[in-house]
Amino acid sequence: CTTADAPWYSKAMPALRQLIYVLFFAACILSFSSLDQWWHLKSGELMLARNEVLKSDPFSHTLNGTNWVAHSWGGAVAMTLIVKAGGFGLLQVIKGGLFLLFLILSIRLAKKRGAKEGLPLLLLQLAAVAFTCRVVVARPKVVTVLFILLQEWLVLLGKEKKSWFWAFPPLYLLWANMHGGFVVGLALLGLHFGGQLFDEGKKCWPILLSLLFSALAGLLNPRGLELYIYPFQYLEGKSFPQHIIEWQPMWPHSSIIQILAIIALFGLLVRRCYQSPKDRWEDLLVSSFSVLLSLRFQRNEYLLAATLVPAAAATIPQWSRFIWLKEKESKRHKAWVLLPVILISLWAIGKGPAGGWTSWNKILCPQAVAHLKANNYGPRLVHDFGVAGYLIHQLWPDYRVFIDGRNDFYHREGLFDEYLTLFKGKEKARPILQKRKCQTAVVGPQSPLRDLLVDLGWKTVFRSKRAVVLINPSAD
């Protein structure tokens with residue numbers, strides 16, 4: 001269709017897409033970050049103070065001194081430096097900025113692969129938002145989220161100019177020292193190679209060299225080959241995936257809209273691959289891997305925004321004749337995003353320290369922490385699982401936790417199953433509490449662990465709307 005034939009709503013499409021960018025950035029700023037961010041920050045502080053990468057557990061009393069692979073040491077140090085420079089507000093702004101960049105690059109990649117302005121691109125943008133929102137947290141994982149998408153860009157650019165493939169080794173050198181998720185990137189890069197081998201044959205040698213050199217670059221980390229082995233400890237876990245939401249399957253925990261979006265996008269991709277031989281196997285292998293990994297562990301949904309959404313975009317020209325496509329968004333629309341993003345960022349930085357984020361205090365327990373600091377209770381804690389990272393950040397080294405969010409580490413040592421046993425009744429909990437010599441408890445007012453400890457004779461010494469502190473009268 002021509003400009004004269006364009007329906008009235010077509011001119012609003014670019015502005016609507018820019019509005020989505022602004023709302024997405026604001027949601028990233030306002031969203032509560034993962035409780036795991038706290039132990040990441042404390043580990044970053046320790047590594048900066050000691051000028052070395054942590055190689056054993058310093059935080060728990062149950063496994064203190066046990067070998068621990070700090071697979072995200074670089075990300076933890078970066079987070080700590082950000083907080084030191086500008087407080088938690090700056091950390092939130094950078095988190096929001098990186099995820100906004102991820103969303104923009106995802107849509108740009110979709111446009112480069114064939115999507116045009118209009119309703120189809122708007123729907124792809126909404127799908128990318130839906131697949132990204134669950135991982136919007138201030139954790140080192142944001143590096144993997146962004147670098148996965150950068151890799152997809154490099155693969156596409158490498159087909160146009162082979163020299164782009166030499167960007168992979170330095171990317172993986174940085175990636176392996178920021179977050180252990182680089183092994184997922186290597187798996188995707190291997191699938192790109194396999195797909196190109198089927199599609200192009202001998203022409204795929206540049207990506208093969210990139211894969212080999214990237215794997216070697218990934219070895220240049222403080223733990224060497226050990227960092228390649230650690231992800232399989234997650235796959236071996238049987239207990240914590242049943243209780244940690246992000247490790248559970250997408251269905252039935254995700255919305256039906258997300259599931260339908262996956263089906264629709266994958267259907268479009270299969271149809272395009274059936275009709276056109278170009279990049280057929282490469283797109284199918286990479287997107288299928290992303291879909292399977294996302295359906296198995298909902299923490300991997302971002303892979304769909306990085307791989308499936310751009311791959312499905314190549315199908316859009318086949319059905320675009322039914323929907324008006326505006327030629328191009330104007331510079332005015334792009335500039336319109338910048339002002340609200342700057343204003344939101346300044347407001348967030350002005351919020352000051354973590355205490356300024358009053359919504360966080362609805363989840364955390366600052367009053368209980370203040371009470372523990374003011375009293376010399378026993379340092380060996382037992383507590384609700386979710387609050388462990390915050391307790392580490394606020395109370396270490398005066399108090400040490402029973403367990404925290406390092407699921408692979410605690411599962412490997414069998415402690416996760418031991419922690420779950422605490423909730424199976426006082427007869428099973430008593431010997432564990434005695435074995436671990438637990439002295440102090442920090443639990444929620446409605447926590448089943450609180451009722452169990454009260455039945456075992458523990459004494460309540462502090463109570464608020466968010467937390468209860470108990471002590472074991474019989475502890476040493």
Side-chain angles (χ1 to χ4, degrees), residues 102 105-115 143-176 180-221 225 227-228 231 265-294 300 302-318:
F102 174 85
L105 289 179
S106 175
I107 300 306
R108 292 293 179 187
L109 185 58
K111 291 178 69 175
K112 190 172 180 63
R113 297 206 59 180
V143 174
T144 289
V145 174
L146 186 59
F147 280 17
I148 288 284
L149 185 56
L150 288 178
Q151 176 170 276
E152 295 301 307
W153 267 99
L154 289 174
V155 168
L156 186 61
L157 293 173
K159 294 177 180 180
E160 301 172 358
K161 190 175 181 180
K162 302 299 182 184
S163 58
W164 280 105
F165 284 115
W166 292 109
F168 281 104
L171 176 72
Y172 273 91
L173 177 60
L174 176 61
W175 196 348
F182 77 99
V183 294
V184 177
L186 281 174
L188 285 171
L189 190 58
L191 291 172
H192 274 292
F193 163 68
Q196 289 187 20
L197 185 63
F198 282 112
D199 291 331
E200 302 178 18
K202 296 180 180 180
K203 297 180 181 179
C204 66
W205 64 266
I207 195 170
L208 174 60
L209 291 178
S210 297
L211 176 61
L212 294 176
F213 283 113
S214 296
L216 291 174
L219 290 172
L220 301 178
N221 68 82
L225 186 61
L227 203 58
Y228 280 84
L265 289 172
F266 196 74
L268 289 174
L269 174 62
V270 170
R271 181 188 177 203
R272 198 266 299 172
C273 291
Y274 176 77
Q275 294 179 347
S276 173
K278 185 179 179 181
D279 300 333
R280 173 189 297 175
W281 287 106
E282 184 179 1
D283 283 341
L284 276 177
L285 286 175
V286 172
S287 296
S288 297
F289 177 80
S290 298
V291 169
L292 291 175
L293 206 58
S294 301
N300 296 315
Y302 69 92
L303 293 173
L304 301 173
T307 60
L308 180 60
V309 168
T315 310
I316 289 179
Q318 299 177 21

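Side chains included, hydrogens not; waters and symmetry mates left out as well; all remaining heavy atoms used. The structure displayed is predicted, hence computed values, not measured ones.
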**Q** What distance separates Glu160 CD from Lys112 NZ, expressed to the nearest 0.5 Å?
**A**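 So the CD of Glu160 and the NZ of Lys112 are separated by 4.0 Å.
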**Q** Show the atom names and distances, to 0.1 Å, of all donor-acceptor pairs under 3.5 Å that link a side chain in residues 211-219 to residues at least two apart or in another chain.
**A**
residue : atom : partner : partner atom : Å
Ser214  : OG   : Ser210  : O            : 2.6

**Q** In Å, rounded to the nearest 0.5 Å, how long is the span from CZ of Phe193 to CH2 of Trp205?
**A** 12.5 Å
**Q** What's the separation between atom NE2 in His192 and atom CG in Leu197, rounded to the nearest 0.5 Å?
**A**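 One gets 14.5 Å once the value is rounded to the nearest 0.5 Å.
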**Q** Side chains of Leu109 and Val309: closer than 4.5 Å at any heavy-atom pair?
**A** no
**Q** Please report the interatomic distance CG(Asn221) to CG(Leu174), rounded to the nearest 0.5 Å.
**A** 12.0 Å
**Q** Dump the intermediate steps for salt bridge (charged side-chain N to carboxylate O under 4.0 Å, His left out) on Glu282 and Lys159, then the final yes or no.
**A** CA-CA 12 Å; Glu282 184 179 1; Lys159 294 177 180 180; 2.7 Å; yes
**Q** Can you name the closest pair of heavy atoms from Ile148 and Tyr302 and give their distance?
**A** CG1-CE1, 4.0 Å
**Q** Taking Pro206 as the fixed residue, which of Phe165, Trp164, Phe168 is the one that meets the side-chain contact (heavy atoms from CB on, under 4.5 Å) rule?
**A**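 The option that passes is Phe165.
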**Q** How far apart are the closest heavy atoms of Gly195 and Leu285, and which atoms are they?
**A**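 Of all heavy-atom pairs spanning Gly195 and Leu285, the closest is N-CD1, 3.6 Å.
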**Q** Would you name the heavy atoms of Leu304 and Ser294 that are closest together and state the gap between them?
**A**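 Closest heavy-atom pair between Leu304 and Ser294: CG-OG, 3.6 Å.
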**Q** With sequence neighbours left out, what residues match Tyr172 under side chain to side chain donor-acceptor pair (under 3.5 Å)?
**A**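 Testing Tyr172 for side chain to side chain donor-acceptor pair (under 3.5 Å), a comparison that skips the adjacent residues, returns Gln151.
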**Q** Side chains of Leu188 and Val155, heavy atoms from C-beta outward: is any pair under 4.5 Å?
**A**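 No; the side chains remain at least 4.5 Å from each other.
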**Q** Looking at CG of Leu209 and NZ of Lys162, how far apart are the two atoms once the value is rounded to the nearest 0.5 Å?
**A** 11.5 Å
**Q** Leu227 and Ala176: which non-hydrogen atoms are nearest, and at how many Å?
**A**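 Scanning both residues, the minimum pair turns out to be CD2-O, 3.3 Å.
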**Q** What's the spacing between Leu284 CG and Leu191 CG if we round to 0.5 Å?
**A** 11.5 Å
**Q** Under the 3.5 angstrom rule, does the side chain of Trp175 hit a backbone N or O of Gly185 as a donor-acceptor pair?
**A** no
**Q** Strictly under 6.0 Å, is that where the ring centroids of Phe147 and Phe102 end up?
**A**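 Aromatic pair excluded; centres sit 6.0 Å or further apart.
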**Q** Is it the case that more than 12 heavy atoms not belonging to Trp153 sit under 6.0 Å from its CH2 atom?
**A** yes
**Q** Which atoms form the tightest heavy-atom contact between Arg113 and Ala311, and what is the distance?
**A** NH1-CA, 3.6 Å
**Q** Please answer whether the main-chain N or O of Ala305 pairs with a side-chain N or O of Ser106 as donor and acceptor at a distance below 3.5 Å.
**A** yes
